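Every value quoted in this text rests on a predicted model; they were computed, and no experiment measured them. The basis for the numbers below is simple: all heavy atoms, side chains too, and nothing from hydrogens, waters or symmetry mates.
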Amino acid sequence: MVNSNSDSAMGILFPNSYDSLVPELVTERSMASIPFASRYRLVDFLLSSMVNCGIDNVSLIVRKNYHSLMDHLGSGREWDLTRKKGGLNIVPPFAQKNVNIYNGRVEAIASIINFLKRQKEKYVVMADTNIAVNFDFNAILQQHIDSGADVTVAYAKQEIPAGLLEIDMTKKDLYYTLDVAEDGRVKKINVNDKEKGVKNISMNIYVIERKLLIEQIREAYVNGRTYFERDILSPQLDTLKVRGYEHTGYYARIISMGSYFAENMKMLDEKNVDALFSPNQVYTKIRDDNPTRYTKGAHVKNVMAADGCVIEGEVENSILFRGVKIGKGAKVRNCVLMQDTVIETGAKVEYAITDKNVTISSYKELKGTDSFPVFVEKHKTV
């Protein structure tokens with residue numbers, strides 16, 4: 001799969017990582033199933049990246065609020081993961097006697113250790129789902145093999161976003177920056193780094209041999225450790241060969257409501273859309289809808305609209321998900337409107353995020369700012 005030696009990999013995704021950073025969006029869903037870019041969910045990007053690189057055995061270890069995710073993924077047909085062997089494996093808590101609600105990656109992987117032992121793939125690639133990226137897993141696997149690394153971690157070079165600097169340490173949401181030597185070796189893993197300036201920020205995407213992962217998780221779990229990076233990798237940087245892999249392409253990291261709004265808004269720039277959706281296709285659940293309909297008198301400027309929308313009013317600089325309806329005389333600017341939102345006649349909405357099935361009543365006015373968009377929760381009428 002990866003090279004002529006037929007090295008193979010299986011995938012593990014963690015759908016609930018960083019849920020607490022966007023509490024408004026995860027009351028009934030996980031981070032993985034948050035809608036993004038008009039017709040996708042966050043999970044679609046890394047799952048599609050894995051499939052596009054030939055990884056056809058993918059497990060998602062969920063912690064809570066997973067019904068929306070299961071509904072979205074179904075049997076995995078859209079990702080060509082409906083298989084007798086491998087395919088898509090969603091592991092909810094309490095599905096087996098030994099599966100509990102986990103706190104960190106160590107407990108999550110420990111809950112499927114027997115499953116891991118039965119798999120045939122040599123390598124495991126792991127990732128969180130708060131990142132939208134078209135990621136080349138073949139490239140990181142190839143580097144991992146060629147370098148003889150025990151663990152390879154993907155990172156991106158950038159300034160630490162404000163949302164990460166503001167993370168509340170007591171909530172146990174950890175992010176990592178890496179000190180990387182010239183030869184690619186990771187010298188130090190910094191936890192919740194508060195220093196400003198350009199850093200190597202971990203993307204929480206890892207490659208490791210399956211047998212080594214099982215050994216490391218078993219030992220860490222017995223000793224009551226929680227976090228893969230902080231409690232397994234960091235103390236063993238002298239004994240384990242941990243190497244960095246720099247991702248230089250486009251990616252969107254969701255770490256707050258502000259970043260969710262901003263990253264969606266970046267999709268209004270064609271360059272960003274091209275960068276995120278190429279070179280490989282991103283798959284998602286199909287909803288058979290009519291194309292978006294623009295009636296006489298509608299005014300639309302710089303809008304990303306999914307299928308099934310009906311636009312009768314004015315829309316500018318906005319992301320519209322499937323089935324959104326904008327009534328006559330309504331004005332919508334700088335908004336992210338999720339599936340089946342209805343903006344009724346004459347309503348004015350600016351700098352707002354609406355969850356699914358929201359109605360903004362006729363002639364009502366709703367206005368936030370670019371740094372503090374107004375959020376309307378699911379099924380609400382304003």
Side-chain angles (χ1 to χ4, degrees), residues 1-3 5-14 17 46-47 49-50 53-61 86 89 91 102 104-129 131 133 135-155 174-176 178 180-181 183-189 191 200 202-223 225-247:
M1 166 199 126
V2 181
N3 61 17
N5 297 323
S6 300
D7 295 295
S8 60
M10 62 174 288
I12 300 178
L13 292 171
F14 301 90
S17 299
L46 279 160
L47 186 57
S49 293
M50 287 183 175
C53 291
I55 298 169
D56 58 12
N57 179 4
V58 184
S59 293
L60 291 93
I61 313 177
N89 176 37
V91 187
Y102 63 86
R105 215 180 292 252
V106 172
E107 289 176 12
I109 300 167
S111 73
I112 62 161
I113 211 94
N114 290 328
F115 167 79
L116 279 178
K117 280 160 64 181
R118 294 194 302 271
Q119 303 314 296
K120 66 184 188 309
E121 289 83 2
K122 185 173 182 182
Y123 300 100
V124 177
V125 294
M126 302 186 289
D128 291 329
T129 51
I131 286 178
V133 63
F135 195 81
D136 189 347
F137 282 102
N138 279 338
I140 192 172
L141 276 158
Q142 196 63 62
Q143 181 188 297
H144 179 81
I145 294 160
D146 292 345
S147 68
D150 293 315
V151 183
T152 300
V153 50
Y155 66 89
L174 307 183
Y175 71 91
Y176 305 93
L178 314 173
V180 183
D183 64 356
R185 188 174 56 83
V186 175
K187 298 185 294 183
K188 189 180 177 192
I189 298 174
V191 181
N200 301 319
S202 171
M203 295 174 73
N204 292 353
I205 294 173
Y206 298 92
V207 180
I208 183 172
E209 266 198 33
R210 181 174 55 85
K211 289 179 180 174
L212 177 61
L213 177 64
I214 291 168
E215 283 169 24
Q216 292 290 331
I217 292 296
R218 270 187 169 156
E219 190 179 333
Y221 186 66
V222 166
N223 290 301
R225 293 175 191 139
T226 309
Y227 298 102
F228 180 72
E229 304 84 345
R230 187 193 71 184
D231 302 334
I232 293 181
L233 296 187
S234 191
Q236 297 189 83
L237 289 175
D238 292 335
T239 51
L240 283 177
K241 290 181 192 167
V242 181
R243 292 191 166 268
Y245 170 86
E246 185 181 357
H247 173 74

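- Taking all atoms of both residues into account, the shortest heavy-atom contact from Lys117 to Arg218 is NZ-NH2, 3.1 Å.
- Asn200 places no side-chain N or O within 3.5 Å of a backbone atom of Tyr155 that could act as its donor or acceptor partner.
- Of all heavy-atom pairs spanning Asp136 and Tyr245, the tightest one is O-OH, 4.2 Å.
- Considering only heavy atoms from C-beta on, Asn204 comes within 4.5 Å of Glu229 through its side chain.
- The main-chain N or O of Phe115 is found under 3.5 Å from a side-chain atom of Gln119 such that the two form a donor-acceptor pair.
- Inter-residue side-chain proximity for Leu213 and Phe228 is flagged as met; some heavy-atom pair is nearer than 4.5 Å.
- In this structure, CZ on Phe137 lies 4.0 Å from CE on Met50, to the nearest 0.5 angstrom.
- Partners of Arg225 under the side-chain contact (heavy atoms from CB on, under 4.5 Å) rule, at least two apart in sequence or in another chain, are Ala220, Asn223, Asp231.
- More than 12 heavy atoms of other residues, nucleotides or ligands sit less than 6.0 Å from atom CG of Asp183.
- Between Val133 and Phe135, the closest side-chain pair of non-hydrogen atoms falls below 4.5 Å.
- Proximity of a side-chain donor or acceptor of Arg243 to a complementary backbone N or O of His144 within less than 3.5 Å is not detected.
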>> side-chain contact (heavy atoms from CB on, under 4.5 Å) for Tyr123 and Ile145? Distances and angles first, verdict last.
In response: CA-CA 10 Å; Tyr123 300 100; Ile145 294 160; 3.4 Å; yes
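- The closest side-chain heavy-atom distance from Arg105 to Ile232 is not below 4.5 Å.
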